[in-house]
> 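Sharing a structure below in structure tokens format, with a few things to ask.
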Amino acid sequence: MTVPDFRSITIEELVRRIKTRELTAAEVTDAALARIERLNPALNAFVAVDADAARAQAAAIDRALGAGAALGPLAGVPIGVKDLADAAGFQTTRGAMHLADAAPAEHDSTEVARMRAAGCVIIGKTNTPEAGWTGDTFNSVFGATVSPWGANRSPGGSSGGTSAAISAGMIPLGTGSDGGGSIRIPSSLTGLSGHKPTQGRVPSGPAPMGASDLSTVGPMARRIRDVALALDVVSGPSPGDLRSLDPIAPLRPRLDDPPAPARVLWCANIEGSPVDDEILAVCMGAVEQMKQSGVEVVDVEPIVPEIIGPFVLLFYGGMVPTYRELFGTPAWGEITPGLRDILEGADERLTPDAIEDARKQAQAASIRLAEAMSGFDALLSPTVVGQTPVCEGPGMINGEETDMWIGNTYPLNVTRRPAGTTNAGYTSDGMPVGLQIVGHQNDDGRVLEVTAWIEDLLDFNPIAPDIA
């Protein structure tokens, strides 16, 4: 049987066909490898592929199925692993020139190990900006990743290699991480539904480079029900992550018939950044559909202004110890220039008192957010406030260049809130626009339900144009 385009089949249906032997894991893996071979030269989503190892994994799955073994819920699903996390047999370069010759990892990260145990086939590593530092995906080791939605347009970051690979149909599932928006930004820019889990919902182990106070890891897929399916596989405590949380009831079954939200907050700019007029119009159109379906929508002014300072110190300051041994060495000159400048600035501010003050500001912001959201199912906003940038270029808001085009994402890392995104429509030049869904503290389940409900209501099925 011909393997379906990964963009036209759910992961659940793909697994069902593999387990019933309508498809073999080998056929599915070969289809992924063929599409990567055809599309990756133009997109640069994958930075490493091991076809032989992938085929060996797939063959083992087929043998186990032939022997009547019971396999996991992701049996035969090919995945890519963001190059901030370890996958056994692959280098973890983190997009950093000083790690370009790193030895291959001997073990999987906790998330990857759980996905492998559930039956996933590890295809290779996906691109990321150095240390996941920005909302675009480029580095000096592998270059820039291009969105399948437009030549020379960014797929977002820092999980842009994974978002581009999924959006282009190279793989149906991959891993991401989010320290300031790095799952939600690329999901939004490439038409995916995404979810930033609560910190600790999915254990990091070892943690992503720096930003351990803010960053969280999680799976990425086209549609939110597939994200929830994978979250059920990778969630649960691990001694390698002191923040990791106890298991919760399975998430995927909650999305079969998700209850509609009764009341939601709408905030165009959570921390006060200007919003591009076209982005705002697309998202407000989606909100209007919600109103027409009976949802009460209440507008609110910016909730957590002036939170950028604590974010910069906690996120980039968390990276400084990892880089400190490079200060004053030739390798320091090879750090991505924008990142190098930020690290130097963060190092100057990095004192125990400054860190404590940043944490107190984060706590105060969390309280303000909780008070604003009391009595509401969720908070909605544009996922990003600016237009999709060109690769390695600035974001744009109403034609003006700005670094704050991602303004709505990072406050939810500072306040540790789960948050999702789903496609709300498109800009006039055909770029996807995301609507962000923010939940109450630790309530990943309700965020996923509301995201699934909105995904169903809007009924978009974003398919990137095929590359010749």
Side-chain angles (χ1 to χ4, degrees), residues 84 94-96 128-139 156-159 177-186 196 199 204 207-216 243 269-274 302-324 326-327 332 335-369 381 383-386 389 394-395 397 401-417 419 436 438:
L84 294 184
R94 298 185 171 93
T128 180
E130 182 174 355
W133 77 281
T134 189
D136 194 358
T137 296
F138 63 92
N139 58 65
S158 64
S159 308
S177 58
D178 192 316
S182 290
I183 287 174
R184 290 160 291 152
I185 296 164
K196 179 195 86 70
Q199 273 82 348
S204 299
M209 190 177 190
S212 61
D213 213 25
L214 302 186
S215 190
T216 182
R243 308 167 308 160
N269 47 357
I270 294 173
E271 42 72 86
S273 292
I303 301 170
V304 286
E306 301 179 1
I307 202 68
I308 186 66
F311 169 76
V312 169
L313 188 64
L314 294 174
F315 184 83
Y316 296 103
M319 296 182 188
V320 168
T322 307
Y323 278 91
R324 194 176 299 284
L326 304 181
F327 287 8
W332 185 247
I335 304 300
T336 304
L339 173 60
R340 187 172 63 236
D341 295 342
I342 293 174
L343 291 175
E344 290 172 348
D347 185 47
E348 293 176 357
R349 297 175 53 202
L350 203 59
T351 67
D353 286 347
I355 294 171
E356 180 65 13
D357 183 60
R359 288 175 173 163
K360 287 179 178 177
Q361 291 182 66
Q363 182 184 48
S366 175
I367 293 170
R368 289 198 300 273
L369 184 59
S381 76
T383 305
V384 298
V385 296
I397 296 177
E401 296 183 358
T402 176
D403 291 332
M404 293 306 296
W405 66 278
I406 58 171
N408 273 343
T409 59
Y410 72 86
L412 289 317
N413 298 85
V414 175
T415 57
R416 279 63 161 183
R417 290 304 193 278
Q436 181 169 237
V438 181

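Residue numbers count from 1 along this sequence. Only heavy atoms go into these numbers, but all of them, side chains included; no hydrogens, no water, no symmetry mates.
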> Indicate yes or no for a side-chain donor-acceptor contact from R416 to the backbone of V414 under 3.5 Å, with no hydrogens or angles considered.
yes

> Is the closest side-chain heavy-atom distance between L343 and W133 below 4.5 Å?
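In short, these two side chains do not touch, never coming nearer than 4.5 Å.
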
> Closest approach of T137 and G157, non-hydrogen atoms and distance?
OG1-CA, 3.5 Å

> Rounded to the nearest 0.5 Å, how far apart are OH of Y410 and CD1 of I270?
10.0 Å

> Name all residues meeting the side chain to side chain contact (heavy atoms under 4.5 Å, CB included) criterion together with P389; count only those two or more places apart in sequence or in a different chain, and write none if there are none.
S154, L189, W405

> Taking the side chain as everything from C-beta on, heavy atoms only, tell me whether L339 gets closer than 4.5 Å to M319.
yes

> More than 12 heavy atoms of other residues, nucleotides or ligands under 6.0 Å from CG of D403: yes or no?
no

> Measuring from atom CD of Q199 to atom OG of S204, what distance do you get when rounded to the nearest 0.5 angstrom?
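OG of S204 is found 9.0 Å from CD of Q199.
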
> Has T336 got a side-chain atom pairing as donor or acceptor with G338's backbone, closer than 3.5 angstrom?
no

> Rounded to the nearest 0.5 Å, what separation is found between the CD1 atom of I185 and the OG atom of S158?
8.0 Å

> Any donor and acceptor pair, going by atom type alone, linking the side chain of T383 with main-chain N or O of Q436 inside 3.5 Å?
yes

> Heavy-atom distance under 4.5 Å between the side chains of L412 and L369, does that happen here?
yes

> Got a second to check how far L84's CG is from E130's CD, nearest 0.5 Å?
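Between atom CG of L84 and atom CD of E130 there are 10.5 Å.
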
> Side chains of E271 and T409, heavy atoms from C-beta outward: is any pair under 4.5 Å?
no

> What do the steps show when you test V384 against N408 for side chain to side chain contact (heavy atoms under 4.5 Å, CB included), and what is the final call?
CA-CA 6 Å; V384 298; N408 273 343; over 6 Å; no

> For R417 and S366, does a side-chain donor sit closer than 3.5 Å to a side-chain acceptor?
yes

> How long is the straight-line distance from OG of S159 back to NZ of K196, given to the nearest 0.5 Å?
12.5 Å

> Might you work through the side-chain hydrogen bond (donor to acceptor under 3.5 Å, both in side chains) test for N413 and D178, ending with a clear yes or no?
CA-CA 8 Å; N413 298 85; D178 192 316; 3.1 Å; yes

> Flag the pair I342 / F315 as yes when at least one side-chain heavy-atom distance between them is below 4.5 Å, and no otherwise.
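Heavy-atom side-chain distance check fails, nothing below 4.5 Å.
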
> Nearest 0.5 angstrom please: Q361 CD to L314 CG, how far?
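Here the interatomic distance stands at 9.0 Å.
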
